[in-house]
Amino acid sequence: MAERLAAAATLRAAASSGPLPAGRRAGPSSSAFFRSSSSSSPALRLVSLRAASSRPSQKAKSVGRGRSVRCMAAASDAAQLKAAREDIRELLNTTHCHPILVRLGWHDSGTYDKNINDWPERGGANGSLRFDVELKHGANAGLVNALKLMQPIKDKYPSITYADLFQLASATAIEEAGGPKIPMKYGRVDVTGPEQCPPEGKLPDAGPSAPADHLRLVFYRMGLDDKEIVALSGAHTLGRSRPERSGWGKPETKYTKNGPGAPGGQSWTAEWLKFDNSYFKEIKEKRDQDLLVLPTDAALFEDPAFKVYAEKYAADEEAFFKDYAEAHAKLSSLGAKFDPAEGFSLDD
């Protein structure tokens, strides 16, 4: 499968990728869907990627008198995706950027609306988050820094789509933080321009007046259920919130004052770069004032239907890992158009 896909993959001309916004200041944010943010690396220190000699040439096809044609990638190249995964692992080990990469993938796919059939109007995992118009959405504050981390990898491996790269980075970050293996598939097609970005307001807020109702309103629109809502909320075991960026959390705590990465912010868990079920244990107990509990976190133990799953995950990490892996894989494919239509695995 990988060889056939590699032969079929086409290069996207440079015009189809959105340039990084100029003048945006560094300040990584993180942790899944919500507006709360965390710093994941000091001043966006990029790791040294493998030798650029592996980079294929990128030339736009020309037709007639100097006209260039922008090509839509039919599918990502499987071999390049595997190589990109190794670079992402190196990046994670060097910059501790796990939380913001998880958030990058989630926010690209989390705009999906199951009530809209047409692609890309339905939103979802289509690479639209690389464009400035969507990066400026309030819920995406700080994600320009995640894009800056990903862009050198995208440049090095031009035969992969942004949509696949964002989801690869998110799943790899979970796995490298000690989380479960995510049963991912690839072959997502990218949108080609900012006019195809979804409208603002598709992602959840951290502090709505009716947290449980708000979570259901947003996640049901994506086709997710109560179990998946609670399981995905468990990704808050990673990351920190910074009040100067999100309005939530303390400036620093005993768990964040020394980093890693830029110090400060308030985390949901004591070991905020380790993926486990401690989020559910901490939310249930609410004993440590240095740990963050958002209204949408508290709702998991206050709403009767959510509480069934939250209690289960607090007591059984294996059950949490199983349900989380399935929910993450489902989220990563929402709204995507795949080529080949069935997608492909990197582990075949």
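Among all heavy-atom pairs drawn from Pro243 and Pro251, the shortest one is CG-N, 3.8 Å. Contact between Arg221 and Gly110 at its shortest, heavy atoms only, is NH2-O, 2.9 Å. Nearest heavy atom pair, residue Leu232 against residue Trp106, reads O-CH2, 2.9 Å. Of all non-hydrogen atoms in Phe344 and Ala78, the two that sit nearest each other are CE1-CB, 3.7 Å.
With no hydrogens or angles considered, no side-chain donor-acceptor pair links Asp77 and Tyr157 at under 3.5 Å. The closest side-chain donor-acceptor pair between Asp276 and Thr237 falls under 3.5 angstrom.
With contacts defined as side-chain heavy-atom distances shorter than 4.5 Å, the pair Leu92/Cys97 qualifies. Looking at Pro194 and Glu134, their side chains never come closer than 4.5 Å, going by heavy atoms from C-beta outward. Side-chain atoms of Leu203 and His137, non-hydrogen and from C-beta on, never get closer than 4.5 Å to each other. Two residues are said to be in side-chain contact when any heavy atoms from C-beta on lie closer than 4.5 Å; Arg130 and Asp190 meet this criterion. Contact of the Lys185 side chain with the Ser333 side chain is registered, since non-hydrogen atoms from C-beta on lie closer than 4.5 Å. Considering only heavy atoms from C-beta on, Val293 stays 4.5 Å or farther from Glu282 through its side chain. Residues Pro183 and His328 have side chains not in contact (no heavy-atom distance under 4.5 Å, counting atoms from C-beta outward). Contact annotation: the side chain of Leu291 never approaches that of Trp268 to less than 4.5 Å [non-hydrogen atoms, C-beta and beyond].
At distances below 3.5 Å, at least one donor-acceptor pair connects side-chain atoms of Arg122 with backbone N or O atoms of Gly335. Put simply, the side chain of Asp108 gets close to the backbone of Gly127: a donor and an acceptor are under 3.5 Å apart. Judged by distance alone, with hydrogens and angles left aside, the side-chain atoms of Arg89 form no donor-acceptor pair with the main-chain N or O of Thr172 at under 3.5 Å. Under a 3.5 Å cut-off, the side chain of Asn140 and the backbone N or O of Lys136 do not form any donor-acceptor pair. Between the side chain of Thr256 and the main chain of Gly265, a donor-acceptor pair closer than 3.5 Å is present. Between the side chain of Ser170 and the backbone N or O of Gln167, no donor-acceptor pair lies under 3.5 Å. At least one donor-acceptor pair under 3.5 Å links the side chain of Ser76 to the backbone N or O of Thr161. Side-chain N or O atoms of Thr111 include one that pairs as donor or acceptor with a backbone N or O of Gly124 at under 3.5 Å. Remark: side-chain polar atoms of Glu86 are not paired, donor with acceptor, to backbone N or O of Ala83 under 3.5 angstrom. Without hydrogens or angle criteria, Gln196 side chain to Val191 main chain gives no donor-acceptor distance under 3.5 Å.
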For Cys197 and Ser128: C-alpha separation, side-chain torsions, deciding distance, then whether side chain to side chain contact (heavy atoms under 4.5 Å, CB included) applies. CA-CA 5 Å; Cys197 290; Ser128 62; 4.0 Å; yes
Side chain to side chain contact (heavy atoms under 4.5 Å, CB included) for Phe280 and Val230? Distances and angles first, verdict last. CA-CA 10 Å; Phe280 296 103; Val230 179; 3.7 Å; yes
Audit row: Tyr313, Asp323, side chain to side chain donor-acceptor pair (under 3.5 Å) steps and yes/no: CA-CA 9 Å; Tyr313 299 151; Asp323 290 349; 2.7 Å; yes
What verdict does the side chain to side chain contact (heavy atoms under 4.5 Å, CB included) test give for Leu147 and Phe166, after you've listed the backbone C-alpha separation in whole Å, the side-chain angles of each residue and the deciding distance to 0.1 Å? CA-CA 9 Å; Leu147 183 58; Phe166 294 167; 3.9 Å; yes
Would Trp272 and Thr253 satisfy side chain to side chain contact (heavy atoms under 4.5 Å, CB included), going step by step from the backbone distance to the final call? CA-CA 12 Å; Trp272 48 270; Thr253 70; over 6 Å; no
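For the atom pair CG (Leu346) and OH (Tyr186), the distance works out to 5.5 Å, reported to the nearest 0.5 Å. Taken to the nearest 0.5 Å, the CE atom of Met184 stands 10.5 Å off from the CD1 atom of Ile174. The CG atom of Asp288 sits 14.5 Å away from the NZ atom of Lys281 when rounded to the nearest 0.5 Å. Atom-to-atom distance recorded for Gln80:CD and Lys154:NZ is 8.5 Å, nearest 0.5 angstrom. The CD1 atom of Ile229 lies 11.5 Å from the OG1 atom of Thr296; values are rounded to the nearest 0.5 Å. Atom CG of residue Asn126 and atom CG of residue Leu334 lie 11.5 Å apart, to the nearest 0.5 angstrom.
Ionic pairing of Asp226 and Lys312 is not present here: no N-O contact between side-chain nitrogen and carboxylate oxygen is shorter than 4.0 angstrom. The residues Glu252 and Lys257 are annotated as not salt-bridged, no charged nitrogen and carboxylate oxygen being separated by less than 4.0 angstrom. The pair Glu318-Lys322 does not count as a salt bridge, with every side-chain nitrogen at least 4.0 angstrom from each carboxylate oxygen.
In the hydrophobic clustering of ILVMFWY residues, with side-chain heavy atoms under 4.5 Å counting as a link, Met222 and Ile116 come out apart. Tyr220 and Val218 fall within a single hydrophobic cluster, where Ile, Leu, Val, Met, Phe, Trp and Tyr are joined by side-chain heavy atoms under 4.5 Å apart, directly or via other members.
Judged by the 6.0 Å distance and 45° axis criteria, Arg216 is positioned over the aromatic ring of Phe306.
In summary, the aromatic rings of Phe320 and Phe275 are positioned with their centroids under 6.0 Å apart.
For Lys181, the NZ atom sits in a packed shell: over 12 heavy atoms of surrounding residues, nucleotides or ligands are nearer than 6.0 Å. Shown here is Lys307, whose NZ atom has no more than 12 heavy atoms of other residues, nucleotides or ligands within 6.0 Å.
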